[in-house]
Amino acid sequence: MHARYRDSKRTRPLGRIAVMAALLAGMGASASAQGAVSGRITITERPGEETTDIANTVIYLVPQDPASARTSPQRVDIAMKERSFMPRVRIVTPGSRVDFPNQDPFRHNIFSTTPGAVFDLGLYPAGQSKDAHFRRAGAFPVYCNIHPRMTAFVVVVPSPWFAMAQENGSFRIANVPAGSYTLHVWHERAAEFEREVTVAAGGLGGNDLTIDARGFRFAQHKNKFGREYDKTGRDRY
């Protein structure tokens, strides 16, 4: 009896070790089923024009089962500096908040009139910051009611797998689980591009994608009241 009791005691840790080994093996298999999706974006321009804003391109993946794309709200900044938004394009997920700190020595009035993200932060001076809540997916232009040349875009994506292009057009989305997705490419001067892709356990490279900006024509936006800006072209601040 005593010998059998000692043997059973010895086998108990071995059982626990076997269970832990199985769990770790499962975790390793899950981790190995994630890879990077990478490629390069190019923009087709009108004859004689050169691409200077390719780094403002947004790339993201939406799985066949959208419910599996679980996201968490973020909090990010778009600063106002030298009568510009920095950065011009921000990617966030639904429910996120964007802070707009004023780093200029004069006042700004940030607003958006796009359905789904309508807001007006009012005039506020240097050193202050206000924020806006972006609840729904979509691309939302943001303007200043004082400075007509100021434009930014908050691109809200229903996915945790996204990236911005680099200056040379290359992009990389890390830790993408294997599966079927729709790859989206957004740029302010082109229609949104979509492609069905299948991501293997080791990822998916070589996604060389071209978007067409030849149909883009600049149109000055209206102020927050839906009227034209001061025709003199001079800013009040």
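Along the sequence shown, residues carry numbers from 1. No experiment lies behind these values; they were computed from the predicted model shown. What you see below is based on every heavy atom in this structure, not just the backbone, and it leaves out hydrogens, waters and symmetry mates.
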Check F193 against R195 and note the closest heavy-atom contact, atom names and distance. CE2-CB, 3.8 Å
Side-chain heavy atoms nearer than 4.5 Å, only ILVMFWY residues, links allowed to pass through others: does that put I110 and I78 together? yes
Can you list the steps and then say if L183 with L209 is a side-chain contact (heavy atoms from CB on, under 4.5 Å)? CA-CA 10 Å; L183 186 152; L209 309 168; 3.5 Å; yes
Closest non-hydrogen atom pair between F171 and A165, with its separation: CB-CA, 4.4 Å
Residue pairs passing the ring-ring contact (aromatic ring centres under 6.0 Å, His included) test where at least one lies in residues 38-66, sequence neighbours excluded: Y60-H184
Residues N102 and R107: closest non-hydrogen pair is ND2-CA, 3.9 Å
Does a sphere of radius 6.0 Å around CD in Q220 hold more than 12 heavy atoms from other residues, nucleotides or ligands, not counting ones at 6.0 Å or beyond? yes
Going by distance alone, is a donor N or O of one side chain under 3.5 Å from an acceptor N or O of the other, for T182 and E194? no
Do any N or O atoms from the side chain of S112 and from the backbone of P141 form a donor-acceptor pair under 3.5 angstrom? yes
Test of understanding: with side-chain contact (heavy atoms from CB on, under 4.5 Å), list the residues that count as partners of P94, not counting sequence neighbours. T71, V156
State yes or no: are the ring centers of F106 and H147 separated by less than 6.0 Å? yes
Is the shortest side-chain N to carboxylate O distance from R88 to D53 below 4.0 Å? no
Quick one: side-chain contact (heavy atoms from CB on, under 4.5 Å) partners of D212, sequence neighbours excluded? T44, R214
Contact summary for Y124 and S129, nearest pair of heavy atoms: CE1-CA, 4.0 Å
Using a 6.0 Å cut-off, check whether atom CZ of R70 has over 12 heavy atoms from anything other than its own residue. no
How would you list all residue pairs meeting ring-ring contact (aromatic ring centres under 6.0 Å, His included) that involve residues 62-94, not counting sequence neighbours? none
M164 reachable from V62 in the ILVMFWY side-chain graph, under 4.5 Å edges: yes
Within the 6.0 Å centroid threshold, strictly below: Y229 and H221: yes
If only atom types and distance count, is the side chain of Q74 paired as donor or acceptor with the main-chain N or O of T93 below 3.5 Å? yes
Only distances under 3.5 Å count here; give the side-chain donor-acceptor pairs of residues 35-43 to other protein atoms, sequence neighbours excluded, each with its distance to 0.1 Å.
| residue | atom | partner | partner atom | Å |
| --- | --- | --- | --- | --- |
| R40 | NH1 | N168 | O | 2.8 |
| T42 | OG1 | T210 | OG1 | 2.8 |

side-chain contact (heavy atoms from CB on, under 4.5 Å) involving R97 - partner list, sequence neighbours excluded: R75, D131, H133
Same hydrophobic cluster for V185 and I54, using side-chain heavy-atom links shorter than 4.5 Å among ILVMFWY? yes
Which distance, rounded to the nearest 0.5 Å, do you find between the CD of Q128 and the CE of M80? 10.0 Å
So, does N145 use its side chain to make a donor-acceptor pair with the main chain of K224 at under 3.5 Å? yes
Flag, side chain of N223 to backbone of F225, donor-acceptor distance under 3.5 Å: yes
Distance check, rounded to the nearest 0.5 Å: F153 atom CZ versus I91 atom CD1? 14.0 Å
Main-chain N/O of Q34 paired to N175 side chain as donor or acceptor, under 3.5 Å: no
Compare every heavy atom of K222 with every heavy atom of G226, then report the nearest pair and how far apart it is. C-CB, 3.7 Å
Report the distance from atom CD of Q64 to atom OG of S180, rounding to the nearest 0.5 Å. 4.0 Å
Backbone N or O of D77 within a donor-acceptor pair of the R90 side chain at under 3.5 Å? yes
Side-chain heavy-atom pair V155, F162 within 4.5 angstrom cut-off: no
Over all heavy atoms of both residues, which pair between N56 and W186 is shortest? Give the atoms and the distance, please. O-CZ3, 3.8 Å
Out of curiosity, N109 CG to F100 CZ, how far, rounded to the nearest 0.5 Å? 12.0 Å
Is the F134 ring parallel, tilted or perpendicular to the F140 ring (thresholds 30°, 60°)? tilted
Once rounded to the nearest 0.5 Å, what's the spacing between atom CD1 of I211 and atom CD of E45? 8.5 Å
Would V76 end up clustered with M86 when hydrophobic side chains under 4.5 Å apart are linked, directly or stepwise? no
To the nearest 0.5 Å, what is the distance between CZ on R172 and CD1 on I59? 13.5 Å
Is there a chain of hydrophobic side chains (I, L, V, M, F, W, Y, each step under 4.5 Å between heavy atoms) that links L121 to M150? yes
Any side-chain to backbone donor/acceptor pair from S159 onto L61? Under 3.5 Å, distance only. yes
